[in-house]
Amino acid sequence: MSDTVTDNSHDQHAVRRGKLADMRAGGFDPFRANVTPTHFSADAKALYVEGQDDVVPVTVAGRLITFRVQGGSSFVKIQDQQGPIQLYFRKDVLGEERYGVFKKALDLGDILGVSGTLFKTKTGEITVRVTEFTLVSKALRPLPEKWHGLSDPEQVYRQRYLDLIVNQESRHRLMTRARIVSAVRRFLEDRQFLEVETPVLQSVAGGAAARPFQTHHNALNTDFVLRISLELYLKRMLVAGYDRVFEIGRNFRNEGVSRRHNPEFTMLEVYQAYSDYRGMMTLVKDLLTHLVRDVVKPTETEGEGEAAVTRPSMRIKHAASGEWIDFGAEWREVKYKDLIIEKTGDAQWFSRTKEEKIEGVQKLGLYADPKWEEFELTNEIFGKLIEPTLIQPTFVTHLPKELCPLAKITVDDPSTIDVFELIIGGMEVAPAYSEQNDPDVQRAMFEAQAGEETQKIDHDFLLALEHGMPPAGGMGIGIDRLAILLTGAESIRDVILFPQLRNA
RNA sequence: GGUUUCCUAGCUCAAUGGUAGAGCAGUUGACUCUUAAUCAAUUGGUUCAGGGUUCGAGUCCCUGGGGAACCA
């Protein structure tokens, strides 16, 4: 660099721009260059044949993440989708001029492609002896610190790409999420479920109780809401004769943002004709067991030092409680009413008056709003005192019918519905129902729930039901929450690539 | 929405109300098997923004912005 009056050697952005300008002046523009890798890093390393150094040629490409120059020879690492691979540059291999370019023009964060042969270093690391290299993108900004990585949560979320470049755990966690979604698809397709896509823009936000985002279509001059659930359109597909369908899609809820809530989140919903909530129980258990065993693949180590043995496990540590969730053990099944009776110690709880229930809720140390309905008072106990304690996989069955208008009424107890909620880690992970297919009962339930707000009833869905929907089991899984559990994450933001934040 | 708390160099962090520092990264040099490489030298600050108190504010107070935890 030429002598300048002001020393800007501290300004890494300026230094890197200077290097880029020098390269361009010398006739090379990295932004116009490219390479064709033959392998990803781990695949390349797997090609090495023990004892046969410099036999296997490879071309790999990635981001420069460590840089160790020792005079005429240097070890660096690049990182691609599969992880890091070490490269060895020597002056006597590359020649004085290219080696000089390597030493002076490259910076941490640059993206380069290299060709060479595989060999094993003294310390046993499979490495590429570089014979040729090409810079294919210049990083004009420096990487975060190499040892501590990036830890400012705000920057982690706003500049997730930096987090993913430097924080190994984040790379692994978010890749596991991607693999979970992919494995869910394969699992369902193997069982003849069809993946369909239904509208995000809807005129009525049905299938759940939540405040929707509102928007407007200009050409149609029509207001729309973003969907809060996939349910009602997937059931139309059951009417259509698609007997096994699922959708993995984004839902939007215009509500609070927290460790467990992002305004947009990913939901899986599955519907299977001629099944019911019991069938869904088997399906979801098989699915989650498969995900733990074949995707997350937890291991446990017994003993220490030389005697240590690592073997596959079905247990995953729950970040919030520190407890180990055992997916391999028997999954508990319990009725909602039994849990409430156990918690309140009152076998007659469900025949108490509203006043008695208010008193009962308060006696448990909870706030009880006199405006609440009776089922809301009871559900306060469930939500605050029971659900958070259900860490091991638990099917809570037969919820009060007021909690969901879309399920079939239990034959021998008309106050409950044929449903379960799968609770794991104190969180609702998967609700499932025997789906209501009686159009008249469905209409009555909608009307009871909507009250004055009759415009919130999806009449087009009711029309579809009148054409006949087969009996069916349906299930939903919050993919984000599932990813939290399976990756041992603490927050939904840790399993969403770009969680929602305020504009900076 | 409420309470608590955080915001200092590119990054990770220091600094009783009294001259804003360190490590990494950067720059210059040495070094042909390194693993957070090493060694020597060295640059770098509108302390989130704006007000206030004070002889003096990164530090105390107020307002605003953004993040986090808990609550609703």
Side-chain angles (χ1 to χ4, degrees), chain A residues 1-19 22 53-54 64-79 83-96 99-100 102-110 116 118-130 139-163 165-168 211 254-262 319-320 365-369 371-372 380 383-384 388 490-494 499-504:
Chain A
M1 210 185 309
S2 57
D3 290 334
T4 44
V5 181
T6 51
D7 172 15
N8 68 348
S9 68
H10 66 278
D11 184 345
Q12 303 189 48
H13 185 220
V15 168
R16 285 163 183 244
R17 279 199 176 280
K19 291 182 183 181
D22 290 348
D53 282 3
D54 298 308
L64 196 50
I65 53 162
T66 65
F67 204 65
R68 285 192 284 271
V69 177
Q70 306 150 82
S73 92
S74 305
F75 285 98
V76 308
K77 279 181 184 167
I78 58 171
Q79 174 173 264
I85 185 169
Q86 182 166 262
L87 313 176
Y88 188 43
F89 289 75
R90 288 176 64 105
K91 182 153 59 175
D92 55 11
V93 172
L94 288 159
E96 184 96 26
Y99 192 74
F102 157 76
K103 273 207 322 191
K104 288 294 170 194
L106 299 192
D107 289 296
L108 285 174
D110 287 353
L118 294 171
F119 75 105
K120 205 171 211 176
T121 64
K122 274 207 299 215
T123 50
E125 181 160 355
I126 296 166
T127 301
V128 179
R129 188 186 309 275
V130 175
L140 296 173
R141 303 279 179 182
L143 287 177
E145 210 244 6
K146 65 180 173 190
W147 185 240
H148 300 93
L150 187 67
S151 59
D152 172 13
E154 186 168 359
Q155 214 174 341
V156 164
Y157 301 143
R158 288 194 198 277
Q159 292 183 277
R160 178 67 87 184
Y161 48 92
L162 291 179
D163 173 49
I165 291 168
V166 299
N167 293 334
Q168 239 274 299
R211 196 194 311 169
N254 204 342
E255 295 173 351
V257 177
S258 78
R259 227 153 57 114
R260 291 180 179 190
H261 300 87
N262 196 59
L366 297 174
Y367 171 76
D369 193 318
K371 289 199 294 280
W372 290 346
E380 182 72 3
K384 288 280 160 56
E490 305 206 354
S491 163
I492 197 169
R493 297 182 197 99
D494 297 332
Q500 214 64 51
L501 298 181
R502 272 195 182 83
N503 293 330

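Labels below follow one simple rule: chain letters A, B, ... track the order of the sequence lines, proteins then strands, and each chain is numbered from 1. Values below: all heavy atoms of this structure, side chains included; hydrogens, waters and symmetry mates excluded. It should be emphasised that the depicted structure is a prediction, and the values quoted were computed from it without experimental measurement.
Atom P of B/G21 sits at a distance of 14 Å from the matching atom of B/A15, rounded to the whole Å. Nucleotides B/C62 and B/U4, compared at atom P, are 10 Å apart to the nearest Å. For the C1' atom pair drawn from B/U19 and B/A36, the interatomic distance equals 33 Å after rounding to whole Å. Look at the C1' atom in both B/G10 and B/U59: the space between them is 25 Å, to the nearest Å. The P atoms of B/A20 and B/U3 are separated by 35 Å, rounded to the nearest whole Å. Going from the C1' atom of B/A14 to that of B/C33 covers 37 Å, rounded to whole Å. Distance noted for atom C1' between B/U54 and B/G18: 12 Å (whole Å). B/C24 and B/U43 have their P atoms separated by 15 Å, with the value rounded to a whole Å.
Rounding to whole angstrom units, CH2 of residue A/Trp147 and C1' of B/A37 are separated by 13 Å. The CZ-P distance, from A/Arg259 to B/A72, rounds to 14 Å in whole Å. When rounded to the nearest whole Å, the span between CG of A/Asn503 and P of B/G66 equals 9 Å. As rounded to whole Å, 13 Å separates atom C1' of B/A37 from atom CG of A/Leu108. A straight line from NZ of A/Lys19 to C1' of B/U27 spans 9 Å, rounded to a whole angstrom. Rounded to whole Å, atom C1' of B/C24 lies 15 Å from atom CG of A/Asn167. If you measure from atom CZ of A/Arg493 to atom C1' of B/A69, you get 10 Å, rounded to the nearest angstrom. As rounded to whole Å, 12 Å separates atom P of B/G10 from atom NE2 of A/His13.
A/Val76 comes within contact range of no nucleotide atom at all, as no heavy-atom separation falls under 4.0 Å. In this structure, A/Tyr157 reaches the sugar-phosphate backbone alone: every heavy-atom distance under 4.0 Å involves primed, P, OP1 or OP2 atoms, never a base. Counting any heavy atom pair closer than 4.0 Å across all strands shown, A/Asp152 reaches sugar-phosphate atoms only and no base atom. Among the atoms of the strands shown, none is found under 4.0 Å from any heavy atom of A/Arg141. Across all strands, A/Gly256 comes closer than 4.0 Å to no nucleic acid atom at all (heavy-atom distances). Note on A/His148: only backbone sugar-phosphate atoms sit closer than 4.0 angstrom, heavy atoms only; bases stay farther off. Using a 4.0 Å heavy-atom criterion, one finds that A/Leu501 contacts the sugar-phosphate atoms exclusively.
Closest contact between the side chain of A/Arg502 and the listed nucleotides B/C11, B/U34, B/G66 involves B/G66. Taking the side chain of A/Gln12 as heavy atoms from C-beta on, and the options B/G10, B/A68, B/U34, the nearest nucleotide is B/G10. Closest to the side chain of A/Pro153, out of B/A68, B/C33, B/U27, is B/A68. Checking B/A37, B/U27, B/U12 against every side-chain atom of A/Arg68, the shortest atom distance belongs to B/A37. When the nucleotides B/U43, B/U34, B/C11 are ranked by their closest atom to the side chain of A/Leu150, B/C11 comes out on top. For A/Lys146, the listed nucleotide lying nearest its side chain is B/A25; candidates were B/A25, B/U32, B/U34. Which of B/U43, B/C33, B/G66 sits closest to the side chain of A/Glu154 comes down to B/G66. In this structure, of B/C11, B/A69, B/G29, it is B/C11 that holds the atom nearest to the side chain of A/Gln155. Nearest nucleotide to the side chain of A/Phe119, out of B/A69, B/C33, B/C31: B/C33. Of the candidates B/A37, B/A68, B/G29, the closest approach to any side-chain atom of A/Lys104 belongs to B/G29.
Base pairing annotation: B/A40 forms a Watson-Crick or G-U wobble pair with B/U28, both donor-acceptor distances under 3.5 Å. Using the Watson-Crick or G-U wobble rule with both distances under 3.5 Å, B/A68 pairs with B/U4. Of all nucleotides present, none satisfies the Watson-Crick or G-U wobble test against B/C33 with each distance under 3.5 Å. B/C55 and B/G18 make up a base pair, with Watson-Crick or G-U wobble contacts both under 3.5 Å.
For the pair A/Thr127 and B/U34, the criterion of a side-chain N or O lying under 4.0 Å from OP1 or OP2 is not met. Residue A/Ser9 has no polar side-chain atom (N or O) positioned under 4.0 Å from OP1 or OP2 of B/G26.
Note: A/Lys384 NZ to A/Tyr367 OH = 11.0 Å, rounded to the nearest 0.5 Å.
Taking 3.5 Å as the limit, the base of B/U34 and the side chain of A/Thr121 contain a donor-acceptor pair of atoms between them. The base of B/A25 lies outside donor-acceptor range of the side chain of A/Glu145, with no N or O pair under 3.5 Å. Counting distance only, with no hydrogens placed and no angle test, the side-chain atoms of A/Gln70 and the base atoms of B/U38 include no donor-acceptor pair under 3.5 Å.
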message = What verdict does the side-chain hydrogen bond (donor to acceptor under 3.5 Å, both in side chains) test give for A/Tyr157 and A/Gln155, after you've listed the backbone C-alpha separation in whole Å, the side-chain angles of each residue and the deciding distance to 0.1 Å?
response = CA-CA 5 Å; A/Tyr157 301 143; A/Gln155 214 174 341; over 6 Å; no

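Panel note: side chain A/Glu255, backbone A/Arg211; a donor-acceptor pair is recorded below 3.5 Å.
Heavy-atom minimum distance, A/Ile126 versus A/Leu118: CG2-CD2, 4.1 Å.
One finds a salt bridge joining A/Glu125 and A/Lys77 here, because a Lys/Arg side-chain nitrogen approaches an Asp/Glu carboxylate oxygen to under 4.0 Å. Of the charged side-chain nitrogens involved, none lies within less than 4.0 Å of a carboxylate oxygen, so that A/Asp22 and A/Lys19 do not count as a salt-bridged pair. A salt bridge does not link A/Asp53 with A/Lys120: every distance from a Lys NZ or Arg NE/NH1/NH2 to an Asp or Glu carboxylate oxygen is 4.0 Å or more.
In this structure, A/Gly72 and A/Val69 both approach RNA chain B, and ranking their closest nucleotides by distance from the 5' end singles out A/Gly72. Nearest-nucleotide mapping onto RNA chain B: of A/Glu380 and A/Pro142, the residue sitting toward the 5' end is A/Pro142.
Paired with A/Pro84 under the rule side chain to side chain contact (heavy atoms under 4.5 Å, CB included), one option of A/Ile78, A/Ile65, A/Thr66 passes, and it is A/Ile65.
Cation-pi geometry between A/Arg129 and A/Phe119 is met: under 6.0 angstrom from the ring centre, within 45 degrees of the axis.
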